[in-house]
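Naming convention: chains lettered A, B, ... in sequence-line order (proteins, then strands); numbering from 1 in each chain. Remember, it's a predicted structure, so these values are computed and weren't measured experimentally.
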2 protein chains.
Amino acid sequence: MRTPQADVATPPADPEGPTEHHPAPGGNSARSRSQHQRRKRIVQAAAALASRGGVEAMQMRTVAERAGVALGTLYRYFPSKMDLVVAVVGEEIDLLESSIQRRPPSSPTPSGRAVDVLMRATRGLMREPELADALIRSLILAEVETPFGDRMTGLLLRVSAGGLDPARASEEQLALAGSLSSIWVQELLEMLRGRRTYDQIQRRIEIASDRLLSDL
Amino acid sequence: MRTPQADVATPPADPEGPTEHHPAPGGNSARSRSQHQRRKRIVQAAAALASRGGVEAMQMRTVAERAGVALGTLYRYFPSKMDLVVAVVGEEIDLLESSIQRRPPSSPTPSGRAVDVLMRATRGLMREPELADALIRSLILAEVETPFGDRMTGLLLRVSAGGLDPARASEEQLALAGSLSSIWVQELLEMLRGRRTYDQIQRRIEIASDRLLSDL
DNA sequence: ACAGATATTAGAATCTGTTCTAGTTTGCCA
DNA sequence: TGGCAAACTAGAACAGATTCTAATATCTGT
């Protein structure tokens, strides 16, 4: 069985680094431009379907149809459904990051700023519960690394420790921010299962953040 | 599509509470006894298959065959593959709990005892990596509540806060033990992805446990 | 021991992710 | 411009989970 790889959504012969999520967005040849368009249409179609009926509604045949490509082409861009899901999530995280940039968390404490970020992300996901459900679950399931956890951990480090570059953080700092991110993901899952309200999540995240990040 | 429900593995007309995992193990009628046997055989067959090739190898047809029941019967006992996985996990947690009872963690600090428990569980899971992978992922994926998180949280509370009954714990205590459990699950996932060694997990769990449980 | 209810069975059928095939189109370039 | 390589397409084929069916087998109560 095919499992998600680092070459996600990288059409063959695309000279792209492993940390780049989109296939050469600033590509210059006609081919790479049209490829980028096609990829975008696919992801949009997938997101639109998922935001309705969740992963179930996001069927590969349907996505291909909506995006106006053949099934085989869809599979060329995204070797598995999971790869497609990962791409959709990537877009969501982009949104969160730019939102943070536009309006940085204002709390005076590190742990408060982390809570700000996580609850803002929570609200964002709550707006599209079906999508959120599909995405969170799929990501956790993913066989291999997804940029997800690390990106969130980095975001938390930056907002809570005064712009600290994750690459420069101590092992302990990474562990603490990563832990908070883990807790948030699990709380989100509980919410999707109907076992947490927004307020409960906030309370629990605050409790954990206080202990984990207060002296970051 | 059928999703896991509270009636998991409860053959019709079985007067069983929602917190009970096995169908009336001490049942008295010939029927409930034979049902129990059948269920047991199914779970054993499933576990055996999963401990080899993971979820992939645990195909419903194969499980049915090994357990000597028809596919339809398997589906009567476990309405979905996930339900079957949940049952297998239940057995694993039983093992952990009895192991804790036999040899309680001896560390002098609450956080140390919690680490003991989690690392013991980690070692147990590492012995059957394929099985562990299947189980952890599937549990996280489960649509609805599984006893998993709560059982682990309860276990942590009991060992770290001097036998504290989870039903009597404060909201904060529950949040803290639950958070540690969440972190552990995510670390386990990272290990399954090959991104953590046992030692790294131990270190990170210690760091988190210190902050979260030191004054439980 | 009989009747109705429930459980079981073998196997076909359905659904969706994934792979494969054969033929067509497109971009590049000598 | 001719032609190769890569991308694309329609659609068939395959795999494994889940559902459905019709026929039996097993219980249970009386």
Side-chain angles (χ1 to χ4, degrees), chain A residues 1-5 9-15 23-24 27-39 41-42 46 49-50 53-85 134 138 141-143, chain B residues 1-5 8-15 23 27-39 41-42 46 49-50 53-85 134 138 141-143:
Chain A
M1 195 231 286
R2 188 70 173 68
T3 56
Q5 295 297 331
T10 300
D14 190 330
N28 41 2
S29 75
R31 163 160 293 173
S32 92
R33 192 152 35 244
S34 77
Q35 280 181 345
H36 182 241
Q37 287 307 309
R38 205 179 295 257
R39 184 185 186 284
R41 275 217 318 284
I42 292 175
L49 285 167
V55 249
E56 330 243 299
M58 183 177 137
Q59 297 182 6
M60 297 303 265
R61 286 173 172 84
T62 318
V63 171
E65 197 179 312
R66 295 265 194 127
V69 300
L71 189 55
T73 303
L74 172 51
Y75 270 92
R76 168 183 294 281
Y77 281 77
F78 302 95
S80 79
K81 185 170 180 173
M82 182 71 72
D83 292 300
L84 183 48
V85 170
S138 304
L141 254 251
E143 267 294 316
Chain B
M1 196 231 288
R2 190 66 173 67
T3 56
Q5 295 297 329
V8 164
T10 299
D14 190 328
N28 43 2
S29 75
R31 163 160 291 170
S32 91
R33 194 153 32 243
S34 78
Q35 280 180 346
H36 182 241
Q37 287 308 310
R38 205 178 294 256
R39 184 185 186 285
R41 276 217 317 284
I42 292 174
L49 286 166
V55 249
E56 330 244 301
M58 182 176 138
Q59 297 182 6
M60 296 304 263
R61 283 180 227 273
T62 316
V63 171
E65 196 179 312
R66 294 265 193 128
V69 301
L71 189 57
T73 304
L74 171 52
Y75 271 93
R76 170 185 291 280
Y77 281 77
F78 301 95
S80 80
K81 185 171 180 171
M82 181 72 71
D83 291 301
L84 183 49
V85 170
S138 303
L141 253 253
E143 267 293 319

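Rounded to a whole Å, the CE atom of A/Met82 is 14 Å from the C1' atom of C/dT18. Look at NZ on A/Lys81: it is 9 Å from P on C/dT16, rounded to the nearest Å. In this structure, B/Tyr75 places its OH atom 22 Å from C1' of C/dT6, rounding to the nearest Å. We find that CE of B/Met60 is positioned 16 Å from P of C/dA10, with the value rounded to whole Å. Across the protein-nucleic acid pair, A/Glu65 atom CD and C/dT16 atom C1' stand 14 Å apart, rounded to whole Å. In this entry the distance linking CZ of A/Arg39 with P of D/dA7 reads 16 Å, nearest Å.
OP1 or OP2 of D/dC8 has at least one side-chain nitrogen or oxygen of A/Tyr77 nearer than 4.0 Å.
When all heavy atoms are compared, the tightest approach of B/Lys81 to B/Val55 is NZ-O, 3.0 Å. Shown here for A/Phe78 and A/Ile42, the closest heavy-atom pair between the two residues is CE1-CG2, 3.5 Å. When all heavy atoms are compared, the tightest approach of A/Met58 to A/Ala50 is SD-CB, 3.8 Å.
The side-chain contact (heavy atoms from CB on, under 4.5 Å) test applied to A/Arg66 returns A/Ala45, A/Leu49, A/Thr62, not counting sequence neighbours.
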Tabulate protein N/O versus nucleotide N/O from nucleotides 9-12 of chain D, keeping only pairs under 3.5 Å, one per line.
{"residue": "D/dT9", "atom": "OP2", "partner": "A/Ala70", "partner atom": "N", "Å": "2.9"}
{"residue": "D/dT9", "atom": "OP2", "partner": "A/Thr73", "partner atom": "OG1", "Å": "2.4"}

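Here the side chains of B/Val69 and B/Arg41 are in contact, with some heavy-atom distance below 4.5 Å. For the pair A/Met60 and A/Leu84, the minimum side-chain heavy-atom distance is below 4.5 Å. Counting heavy atoms from C-beta on, the side chains of A/Thr73 and A/Arg38 come closer than 4.5 Å.
Here the side chain of B/Gln59 is nearest to one of C/dT19, C/dT8, D/dA17, namely D/dA17.
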*Could you provide the dot-bracket string of DNA chain C, using ( ) for intrastrand pairs, [ ] for crossing pairs and | for bases paired to another strand, with Watson-Crick or G-U pairs below 3.5 Å?*
||||||||||||||||||||||||||||||
